[in-house]
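Position 1 is the first residue of the sequence; numbering continues from there. We use all heavy atoms of the structure for the numbers below, so side chains are in, but hydrogens, waters and symmetry mates are not.
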Amino acid sequence: QLRNAGTADFLRSPPRRVRRPHTRSGCGLRSSGSCPFQYKRSGQRKPVALYPLPNAPLSSGGNYTTPLPIRVNDYQFHIRTDHQITSKDTVTVRTSWNLNDQVYLIDRFGGPYIPGFTLPNPERTANGTVGYFHTFSPAVVNEARFGVNRYSNALANGDTRDAAQFGLPNGSNANGIPYLSVAGGLASLGGLPWYNRDQNELTVYESDTLTVLRGTHSLKFGGELSRYQFNTRGASDERGTLYFDGSRNNLIPKASANALANTLTDLLLGLPYQATITTGQFGRGYRDWAWALFAQDSWRVTRRLTLDDGRRYEYSAPWTEGNGTRSNFVPGQESVTAPTRGWNNLYRPDRNNIAPRLGFAYDLFGTGRTVVRGGFGILYETLLQASTVQQVENDAPFSASAITNSPTPFSQNPNTPSTTLLDLRNSALPSSTLSAVPLDLRNPYSMQFSLDVQQAIGANGVVEIGSHGTSGVH
């Protein structure tokens, strides 16, 4: 219908005489004669041509239907080797690689539900671990580990076309036409605003654990060190978004029965009622350190009772940004950037993360067939970049958002590009809406507990009944 008919066909009513904007002349939309207002002169003709031909009757609820296919190719390999160097030294090596290459041919995350705007989603994971075990004596053993994990996910825009080819230049390096949001049930055009983003993560991990047996005590001491890197490229709405709702043209009466016709008319004439775009320095390099120390004693008090008592201290530094594009809204200081006098970190570090671990096991009748076990522990979580630095990545002065409710109409000359988004981009100002991360941010933690009863059944069976619970503190 959209590709093959004029607006009047959508009205399902006799032809109307319409007037060209800013003139008083009129003509029938179905007239074969010359007319001062012709759709073929609109600079919006190329984007509209992206709509596919109908393949279903309107009586079915829509004139185009399509499945939501996903193309997936998965490749992976794993290598593992163990080598005993001496009777006291053993080395283990693990490495894995995986490419989960997905392409959403019709995007399932909210559209657009027409061909031509795919969402490539190739997820790559590579990791490797080296472990070294050394036996000092039958009662003293040390285990050291070093690992690296890499992850990348290029949430690219499958629309490889240049916005300028469709007369809608936006001043962005991101590929694809702007997102054209159309009200009234008509499918929108363009990849979603959050396309053109990708992320790369790197985690480096080291740990060392010393186990010592002393009489009825099994002691463990150790530490861990982690380095996190999280890099992003692109930003939401950097290609710009144009909204059409049928309110801008003065050709068709504004009645509910004409809602779709009005929206389509605005789209054909290039009359958006609103436009938005995000500009600025895109690309962030987030960094973080975390470390932990722990000690644990598993004490066999009697032949029937064993007690576990452990302590763990964890510290994770505030996230930083390697490109110098970090800011936050601090009450009393307005928007501040790093380094700023009196403000060195995005939030104050939490240095009180001491986590106890307690447990017991009791042979109820001394026969080894009925055992009661219980435990309690506090587990701290590292503050994720998604809940801290990424919350403020578009704050001033490194990013600016522009919005207008009176955007420049599209050019009516097919040889002259529309300046709708370029005009908006040039007027972009740092957003007056700011996100903020509290200075007194604390690491979230959970309290976990368990109580179980295990009963041996026969020579090879066990029945277990228990209760487990978790309480999170954010």
Side-chain angles (χ1 to χ4, degrees), residues 74-100 123-153 200-231 287-301 303 306-317 353-361 368 371 373 375 377-382 448 460 462:
D74 192 81
Y75 312 91
Q76 55 183 285
F77 71 79
H78 309 275
I79 298 176
R80 169 178 175 172
T81 181
D82 300 316
H83 182 63
Q84 187 170 0
I85 302 174
T86 69
S87 60
K88 294 184 176 183
D89 300 282
T90 301
V91 174
T92 66
V93 178
R94 311 281 188 273
T95 183
S96 300
W97 177 87
N98 175 241
L99 169 59
N100 187 257
E123 294 184 284
R124 291 177 173 85
T125 303
N127 57 73
T129 303
V130 177
Y132 174 62
F133 302 85
H134 179 72
T135 302
F136 292 96
S137 71
V140 182
V141 177
N142 191 81
E143 177 184 354
R145 290 188 176 275
F146 175 81
V148 177
N149 183 77
R150 295 190 66 95
Y151 171 82
S152 66
N153 184 6
N200 296 279
E201 302 176 31
L202 172 66
T203 301
V204 181
Y205 170 84
E206 296 179 84
S207 69
D208 192 87
T209 303
L210 179 68
T211 302
V212 180
L213 301 179
R214 284 291 184 268
T216 57
H217 294 267
S218 175
L219 306 170
K220 288 184 181 291
F221 308 93
E224 300 171 358
L225 177 66
S226 299
R227 172 65 168 172
Y228 304 101
Q229 296 185 10
F230 187 91
N231 301 319
R287 304 291 185 266
D288 193 23
W289 287 98
W291 56 270
L293 298 173
F294 63 88
Q296 178 179 313
D297 180 12
S298 182
W299 177 28
R300 186 160 188 173
V301 182
R303 186 178 62 86
T306 300
L307 298 178
D308 292 324
D309 184 9
R311 296 292 184 272
R312 181 183 177 92
Y313 177 79
E314 298 192 16
Y315 173 79
S316 58
N353 301 332
I354 300 176
R357 311 287 173 87
L358 304 171
F360 74 92
V371 179
R373 303 178 188 274
I378 294 180
L379 288 78
Y380 282 92
E381 296 288 340
T382 299
Q448 301 183 5
N460 301 307
V462 175

| Aromatic ring pairing Phe136/His134, orientation class (parallel under 30°, perpendicular over 60°, tilted between) | perpendicular
| request: Drop me the distance from Asn153's CG to Glu123's CD, to the nearest 0.5 angstrom. | output: 4.5 Å
| task | List in chain and number order the residues that pass side-chain hydrogen bond (donor to acceptor under 3.5 Å, both in side chains) with Gln296, two or more places apart in sequence or in another chain; answer none if no residue qualifies. | result | none
| request: Sequence neighbours left out, what passes salt bridge (charged side-chain N to carboxylate O under 4.0 Å, His left out) with Arg145? Give chain and number order. | output: Glu143
Determine all donor-acceptor pairs shorter than 3.5 Å in which one atom belongs to a side chain in residues 210-218; sequence neighbours excluded.
from: Thr211; atom 1: OG1; to: Lys220; atom 2: NZ; distance (Å): 3.1
from: Thr216; atom 1: OG1; to: Trp299; atom 2: NE1; distance (Å): 3.2
from: His217; atom 1: ND1; to: Asp297; atom 2: OD1; distance (Å): 3.1
from: His217; atom 1: ND1; to: Asp297; atom 2: OD2; distance (Å): 2.9

| query | Do you know the tightest heavy-atom contact between Asp308 and Ser298? | reply | OD1-OG, 2.7 Å
| Pairing residues for Arg227 by the side-chain hydrogen bond (donor to acceptor under 3.5 Å, both in side chains) criterion, not counting sequence neighbours | none
| remark: CZ (Phe133) and OG1 (Thr92) are apart, to the nearest 0.5 Å, by 5.0 Å
| message | Taking the side chain as everything from C-beta on, heavy atoms only, tell me whether Thr125 gets closer than 4.5 Å to Asn149. | response | yes
| Minimum heavy-atom separation for Gly223 to Phe294, with atom names? | N-CE2, 3.7 Å
| What residues form a salt bridge (charged side-chain N to carboxylate O under 4.0 Å, His left out) with Glu201, not counting sequence neighbours? | none
| message | Restricting to side-chain hydrogen bond (donor to acceptor under 3.5 Å, both in side chains), what partner residues turn up for Asp74, sequence neighbours left out? | response | Gln76, Asn98, Asn100
| Got a sec, which residues hit salt bridge (charged side-chain N to carboxylate O under 4.0 Å, His left out) with Arg311, two or more places apart in sequence or on another chain? | Asp309
| Listed partners of Ala144 passing side chain to side chain contact (heavy atoms under 4.5 Å, CB included), at least two apart | Asn142, Asp208
| message | Rounded at 0.5 Å granularity, tell me how far CG in Asp288 sits from CD in Gln229. | response | 11.0 Å
| said: Tell me every residue that passes salt bridge (charged side-chain N to carboxylate O under 4.0 Å, His left out) with Arg357, counting only those two or more places apart in sequence or in another chain. | reply: none
| In terms of ring plane angle, is the pair Trp291 and Tyr313 parallel, tilted or perpendicular, where the classes change at 30° and 60°? | tilted
| Is any side-chain heavy atom of Phe146 closer than 4.5 Å to a side-chain heavy atom of Val204? | yes
| request: Could you tell me the separation between the CG atom of Leu307 and the CZ atom of Phe360, rounded to the nearest 0.5 Å? | output: 9.0 Å
| said: Nearest 0.5 angstrom please: Arg80 CZ to Thr95 OG1, how far? | reply: 13.5 Å
| request: Under the side-chain hydrogen bond (donor to acceptor under 3.5 Å, both in side chains) rule, collect the residues that match up with Thr306, sequence neighbours excluded. | output: none
| task | Report the distance from atom CZ of Phe230 to atom CG of Asn200, rounding to the nearest 0.5 Å. | result | 9.0 Å
| query | Which salt bridge (charged side-chain N to carboxylate O under 4.0 Å, His left out) pairs, counting each pair once, include a residue from residues 84-100, with sequence neighbours left out? | reply | Asp82-Arg94
| task | Apply side chain to side chain contact (heavy atoms under 4.5 Å, CB included) to Gln84 and list each qualifying residue two or more places apart in sequence or on a separate chain. | result | Thr90
| How about Arg287 and Asn231: do any of their side-chain heavy atoms sit closer than 4.5 Å? | yes
| request: Test Trp289 against Leu225 for side-chain contact (heavy atoms from CB on, under 4.5 Å), laying out the working first. | output: CA-CA 8 Å; Trp289 287 98; Leu225 177 66; 4.0 Å; yes
